[in-house]
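Take a look at the structure set out below.
What you see is a predicted model, and the numbers here were worked out from it, not measured in a lab. Naming convention: chains lettered A, B, ... in sequence-line order (proteins, then strands); numbering from 1 in each chain.
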Amino acid sequence: MRLRRAACGAAGWLLTAAGVIAIVVVVNGDYRFSRAAGILVAVCAGLAVLVPSVVGAAYLAVRQRNRATGAMPSPQARTVQTSLASMLDRVNDSTDDALGLRRVVLADRLELTATNLREIDDPWEVLSFIWFVRPSQPADFPRSQQFDGLPVWAQDAVVLLDLRRSVQLRGIAGALADKTGFYSHDARRITQAVTRTGSAELRDAWLTAQRADQHDEHLLELLDDRRVWANVVAAGR
Amino acid sequence: MPHHAQIAASMTSPEALLALTDEPKVIGAKKQAKAAFDLWSQADARYVGTYRGFQAPGGKGTGFVIRVFWDPTATTPDLAAIDAAINSALPVDLIQSDEKSTYKGRNKKQAAFFGWQGMSSRPLSQWFQERFGVGACTSQLFDRSDLTQNVAVVAVKDGVDHLWSFTAPE
């Protein structure tokens with residue numbers, strides 16, 4: 001792998017050097033291009049400019065179409081979009097984002113939708129994906145169509161991970177008092193998700209935590225318990 | 001990993017602060033160190049924590065850096081998620097307007113120490129606080145060290161927070 005990268009790098013430098021020499025020769029000499037060579041140069045220059053822009057335009061068009069089809073575009077359509085996205089990554093890297101599409105592509109990848117989740121096979125991976133991309137969702141995500149479009153187990157995962165995060169950030173009392181925060185969900189919705197994990201311990205801890213006089217510090221520990229998550233993950237298989 | 005507690009314990013005099021800053025040779029640094037020490041010792045709340053600089057979109061020339069800081073005894077933010085959010089979800093106009101107010105609100109008399117101030121009252125910092133539990137502000141990228149510094153000293157006085165970042169001593 002390292003060898004290949006080194007070879008690519010060397011080839012790149014050679015091509016650049018050849019190009020520089022060609023330019024120096026053409027600029028200094030009094031050459032007349034033959035007609036065919038002139039056309040070839042013009043076509044190459046045209047392609048070099050056009051191809052990246054065409055890839056960019058194609059990506060935007062496919063993206064538009066996939067969004068218009070609603071929550072679940074066909075797998076083929078998704079594949080086309082992902083392949084175009086990886087081509088764009090190369091274009092963006094080598095042109096220092098001249099097309100200005102890096103943000104768009106990255107944001108599409110970080111979107112928390114059923115389609116994006118479906119592309120990951122391992123449910124544990126899905127959990128870490130949700131954890132990773134959740135802060136990048138819009139502020140009204142828990143009330144959005146995207147959230148409603150997720151499978152129920154994934155919705156539960158979002159609710160529980162959000163509870164875990166707000167407890168971590170604000171403490172149990174702060175998390176419960178915070179009704180409008182970024183990670184806050186309706187208490188009834190949390191109870192549903194907690195119940196569906198099947199962990200009586202977690203349910204008890206959650207119900208205790210809700211009573212203002214008693215804050216169960218055990219809650220955060222349980223929200224980190226792999227056994228609790230195993231049930232959430234199992235529902236996703 | 002810098003020893004935050006050790007650094008905090010060493011900050012007992014203006015000279016000690018002068019030894020920590022990345023710019024001890026700036027004109028007037030001695031006077032600044034005295035004021036910085038006063039601020040540190042009279043702060044209502046303070047901590048020595050972690051600093052990270054992230055390159056951010058929306059800038060011209062050298063570009064913008066978002067200075068992120070937090071108290072590691074209180075929270076452990078997910079840095080990869082922060083980086084991803086800066087490059088996708090964080091609105092560019094929020095970054096740009098924060099850079100303006102950060103620059104306008106900076107403390108010129110404290111440039112080598114607590115130069116940045118009033119972060120917690122600004123929307124960008126609140127955006128980060130809400131999602132990741134960290135404070136933040138945007139500035140032009142002045143120096144490579146803006147991206148490699150690793151210690152944040154935060155002092156809150158009269159409801160205004162002051163930030164000083166530097167590279168931990170070896």
Side-chain angles (χ1 to χ4, degrees), chain A residues 63 85 88-89 92-93 96-113 116 125 127-142 144 146 158 161-172 174-175 177-185 220 224, chain B residues 45 47 49-50 52 54-66 68-96 98-99 119-120 122-136 138 141 147 154:
Chain A
R63 174 181 193 265
L88 266 184
D89 283 342
N92 291 342
D93 280 347
D96 201 18
D97 199 20
L99 295 173
L101 284 176
R102 184 176 279 151
R103 262 178 94 80
V104 179
V105 174
L106 184 61
D108 285 352
R109 288 213 175 97
L110 295 185
E111 228 175 21
L112 184 44
T113 60
N116 279 349
E125 284 285 313
L127 281 187
S128 51
F129 177 75
I130 295 177
W131 176 262
F132 179 73
V133 302
R134 177 64 179 98
S136 295
Q137 305 310 304
D140 64 344
F141 181 73
S144 70
Q146 255 99 11
V158 170
L161 287 175
D162 281 0
L163 176 64
R164 196 213 168 287
R165 229 176 195 138
S166 56
V167 169
Q168 188 194 6
L169 289 179
R170 288 172 246 291
I172 294 176
D178 185 10
K179 302 282 182 214
T180 54
F182 186 76
Y183 294 115
S184 75
H185 291 266
L220 194 59
D224 276 339
Chain B
Y47 67 81
T50 312
R52 281 281 178 286
F54 292 93
Q55 272 185 308
K60 294 200 178 81
T62 52
F64 286 159
V65 55
I66 295 190
V68 174
F69 51 94
W70 69 93
D71 181 358
T73 58
T75 184
T76 313
D78 183 341
L79 297 180
I82 291 183
D83 194 28
I86 286 175
N87 286 298
S88 65
L90 179 62
V92 174
D93 45 359
L94 185 59
I95 301 177
Q96 287 166 338
D98 188 76
E99 193 272 334
M119 285 74 63
S120 60
R122 286 195 285 268
L124 179 106
S125 192
Q126 283 156 8
W127 195 96
F128 278 93
Q129 197 66 50
E130 172 112 73
R131 285 166 173 78
F132 298 104
V134 299
T138 315
L141 181 65
L147 299 171
V154 176

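Interatomic distance, CZ of R131(B) versus CD of Q137(A), reported as 9.5 Å (0.5 Å rounding). Note that CZ of R165(A) is 9.5 Å distant from OG1 of T75(B), once rounded to the nearest 0.5 Å.
In this structure, the portion of I86(B) lying under 4.5 Å from any heavy atom of chain A is its backbone and not its side chain. With a threshold of 4.5 angstrom between heavy atoms, D78(B) approaches chain A through side-chain atoms but not through N, CA, C or O. Contacts between Y183(A) and chain B at a heavy-atom distance below 4.5 Å involve the side chain alone, from C-beta outward. Residue R170(A) touches chain B through its side chain alone, counting heavy-atom pairs closer than 4.5 Å.
In terms of heavy-atom proximity, F132(A) sits nearest to A84(B) at CZ-CB, 3.7 Å.
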